[in-house]
Visitor: 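Okay, here's the structure, questions in a sec.
Every heavy atom of this structure was used, including side-chain atoms; hydrogens, water molecules and symmetry mates were not. Below, chains carry the letters A, B, ... as their sequence lines are ordered, and counting in each starts from 1.
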2 protein chains.
Amino acid sequence: MKVNTKTRYGIRTIMELAFNKSEKDIFQKDISLNQEISYKYLDQIITGLKSAGLVANVSGKKSGYRLTREPERITAYDIHSAFNSRLSVVDCLLPQSTCSREGKCAVRNLWQGLNMVITDYLKSITINDLVRDQFELDTKQEELIFHI
Amino acid sequence: MKVNTKTRYGIRTIMELAFNKSEKDIFQKDISLNQEISYKYLDQIITGLKSAGLVANVSGKKSGYRLTREPERITAYDIHSAFNSRLSVVDCLLPQSTCSREGKCAVRNLWQGLNMVITDYLKSITINDLVRDQFELDTKQEELIFHI
DNA sequence: ATTTATCCTATTCTTTTTGTAGGATACAAA
DNA sequence: TTTGTATCCTACAAAAAGAATAGGATAAAT
């Protein structure tokens, strides 16, 4: 029951872009540095986010990434979906599965329900929520430093 | 985000025992046959359930297993706990973790919240719920067969 | 003593996860 | 038109986790 690193790094990448209020788009290099994610691994993270239509860029020398829509309209579920074909805590609930117990197994309901609460929760949290939380945390940190 | 087989088989094992209304306890051999779980692998499942105090038996030749309490008072979370030291979708929330971002990372809240909804859901489902569902499914199956 | 059933631990096999490597492509600026 | 910088693409490898097997030890009823 672990969330994989691609999803976790993906969220931090999106947050990094959401934080950017300047005109200029953000280089992969800078995301890598700020978020402490290996530059090369970030390649794959960004590919996923692009395929999911969450980030965009122009190609060539003067590139850099930006969000394709407001942080309010990107949920944790969107990012999870970018890296996980379907959210399911068990394989027997996936469409391609051929479980011999299908139709006569009550435990399926349990996992179906668990899929539901996880999905609902992830859909309920937006990047904006996270950025707001992060801003508050940063402010507290600054106050702490100020008082020293 | 997968539930491991030990937890899944553990639930089915507990259900098998909950179904038993007879005086006699149930042999591992029979659980293995009925639930289609390898006899040897079931060793480990049962060990976990015993350590968690969910099942009990007498030792020796005339053994077999039984539940230690009513199915109403065993939750899916109890069984999950028997096979997973702590429920956490990320390692950085575990007590032994030393994450460099601790205290300044807003994403932690997201995972903390996800841990919560998963835990609450698993605690809300009892073995009795599952057994009831299973009984209904079985009845429907019988009706189906009857009508053929 | 024998049989049957649980108990215990080590090992192996498989899959998934995580990350690295190396070059190809695009385009702006010199 | 060459050079430099940044993204793009795919293969591969290392590491970790998950799933299952194997082989014998122990306990007690017959």
Side-chain angles (χ1 to χ4, degrees), chain A residues 1-13 16-17 24-33 35-52 54-66 80 82-92 94 97, chain B residues 1-13 16-17 24-33 35-52 54-66 80 82-92 94 97:
Chain A
M1 291 279 269
K2 296 290 176 198
V3 171
N4 59 27
T5 56
K6 288 197 179 175
T7 302
R8 295 197 288 117
Y9 295 172
I11 287 179
R12 277 159 51 190
T13 298
E16 177 84 16
L17 300 184
K24 286 193 290 185
D25 294 346
I26 301 192
F27 293 138
Q28 179 173 335
K29 179 181 60 184
D30 294 319
I31 300 171
S32 167
L33 281 171
Q35 295 296 331
E36 298 169 275
I37 303 168
S38 128
Y39 181 84
K40 278 297 195 178
Y41 197 30
L42 198 51
D43 260 23
Q44 295 174 40
I45 311 293
I46 291 173
T47 298
L49 295 174
K50 278 189 69 172
S51 303
L54 299 174
V55 307
N57 69 333
V58 294
S59 51
K61 191 180 173 187
K62 217 172 183 180
S63 185
Y65 297 96
R66 62 173 168 280
H80 184 275
F83 302 107
N84 305 272
S85 53
R86 263 169 199 268
L87 197 159
S88 185
V89 296
V90 290
D91 285 338
C92 64
L94 296 173
S97 157
Chain B
M1 291 277 270
K2 296 290 176 200
V3 171
N4 59 26
T5 56
K6 287 197 180 175
T7 302
R8 293 196 290 117
Y9 295 172
I11 287 178
R12 277 159 52 188
T13 299
E16 177 85 15
L17 301 184
K24 285 193 290 185
D25 294 346
I26 302 192
F27 292 138
Q28 180 173 335
K29 179 181 58 184
D30 294 319
I31 301 171
S32 167
L33 281 170
Q35 295 296 331
E36 298 168 274
I37 302 168
S38 129
Y39 182 84
K40 278 298 195 178
Y41 196 31
L42 198 51
D43 259 24
Q44 296 174 39
I45 312 293
I46 291 173
T47 299
L49 295 173
K50 278 188 68 173
S51 303
L54 298 174
V55 308
N57 69 333
V58 294
S59 50
K61 191 179 173 184
K62 216 171 184 179
S63 187
Y65 298 97
R66 63 173 167 280
H80 184 276
F83 302 107
N84 304 272
S85 52
R86 261 168 201 269
L87 196 159
S88 184
V89 295
V90 288
D91 285 337
C92 64
L94 297 172
S97 156

Visitor: Could you give the CZ-to-P distance, from B:Phe27 to C:dC7, as a whole number of Å?
Guide: 13 Å
Visitor: According to a strict under-4.0 Å criterion, is A:Tyr41 in side-chain N/O contact with OP1 or OP2 of C:dT17?
Guide: no
Visitor: Between A:Asp25 and A:Lys62, is there a side-chain N and carboxylate O pair less than 4.0 Å apart?
Guide: no
Visitor: Nearest whole angstrom, please: distance from the P of D:dC9 to the CG of A:Leu42.
Guide: 15 Å
Visitor: To the nearest angstrom, how far is B:Gln28 atom CD from C:dC7 atom C1'?
Guide: 9 Å
Visitor: Determine: side-chain N/O of B:Thr5 to OP1/OP2 of D:dA20, distance under 4.0 Å, yes or no.
Guide: yes
Visitor: Just so I know, are the side chains of B:Asp43 and B:Gln28 near enough to count as touching, which here means a heavy-atom distance under 4.5 Å?
Guide: yes
Visitor: Of the listed nucleotides (C:dA5, D:dT21, C:dC7), which one gets closest to any side-chain atom of B:Ser38?
Guide: D:dT21
Visitor: Just so I know, are the side chains of A:Ser88 and B:Lys2 near enough to count as touching, which here means a heavy-atom distance under 4.5 Å?
Guide: yes
Visitor: Figure out the CG/P separation between A:Asn4 and D:dA17, and round it to whole Å.
Guide: 14 Å
Visitor: What's the CE-P distance between A:Met1 and C:dT17, to the nearest Å?
Guide: 14 Å
Visitor: I need the single residue from B:Ile11, B:Ile45, B:Thr13, B:Asn84 that forms a side chain to side chain contact (heavy atoms under 4.5 Å, CB included) with B:Lys6. Which is it?
Guide: B:Ile45
Visitor: Considering every strand and a 4.0 Å limit on heavy-atom distances, what is the contact class for B:Lys2: base, sugar-phosphate, or nothing?
Guide: nothing
Visitor: Could you state the interatomic distance from CD (A:Glu16) to CG (A:Asp30), rounded to the nearest 0.5 Å?
Guide: 7.5 Å
Visitor: Rounded to the Å, how far apart are B:Ile46 CD1 and C:dT9 P?
Guide: 17 Å
Visitor: What is the separation between atom CG on B:Asp91 and atom C1' on D:dA17, rounded to the nearest whole Å?
Guide: 11 Å
Visitor: Considering just the side-chain nitrogens and oxygens of B:Tyr65, establish if one lies under 4.0 Å of OP1 or OP2 belonging to C:dC7.
Guide: yes
Visitor: Are any of B:Tyr39's side-chain N or O atoms less than 4.0 Å away from OP1 or OP2 of D:dT21?
Guide: no
Visitor: If you compare every side-chain N and O of A:Asn57 against the phosphate oxygens of C:dA26 (OP1, OP2), does one of them come in below 4.0 Å?
Guide: no
Visitor: Can you give one letter per nucleotide of nucleotides 22-30 of chain D, 5' to 3': B if a protein heavy atom sits under 4.0 Å from the base, S if only from the sugar-phosphate, - if neither?
Guide: -BB--BBBS
Visitor: Can you confirm whether A:Phe83 sits close enough to A:Leu49 that some side-chain heavy atom of one is under 4.5 Å from a side-chain heavy atom of the other?
Guide: yes
Visitor: Is B:Ser32 reaching over with its side chain to a backbone N or O of B:Ile37, donor-acceptor style, under 3.5 angstrom?
Guide: yes
Visitor: A:Asp30 CG to D:dT5 C1': how many Å, rounded?
Guide: 13 Å
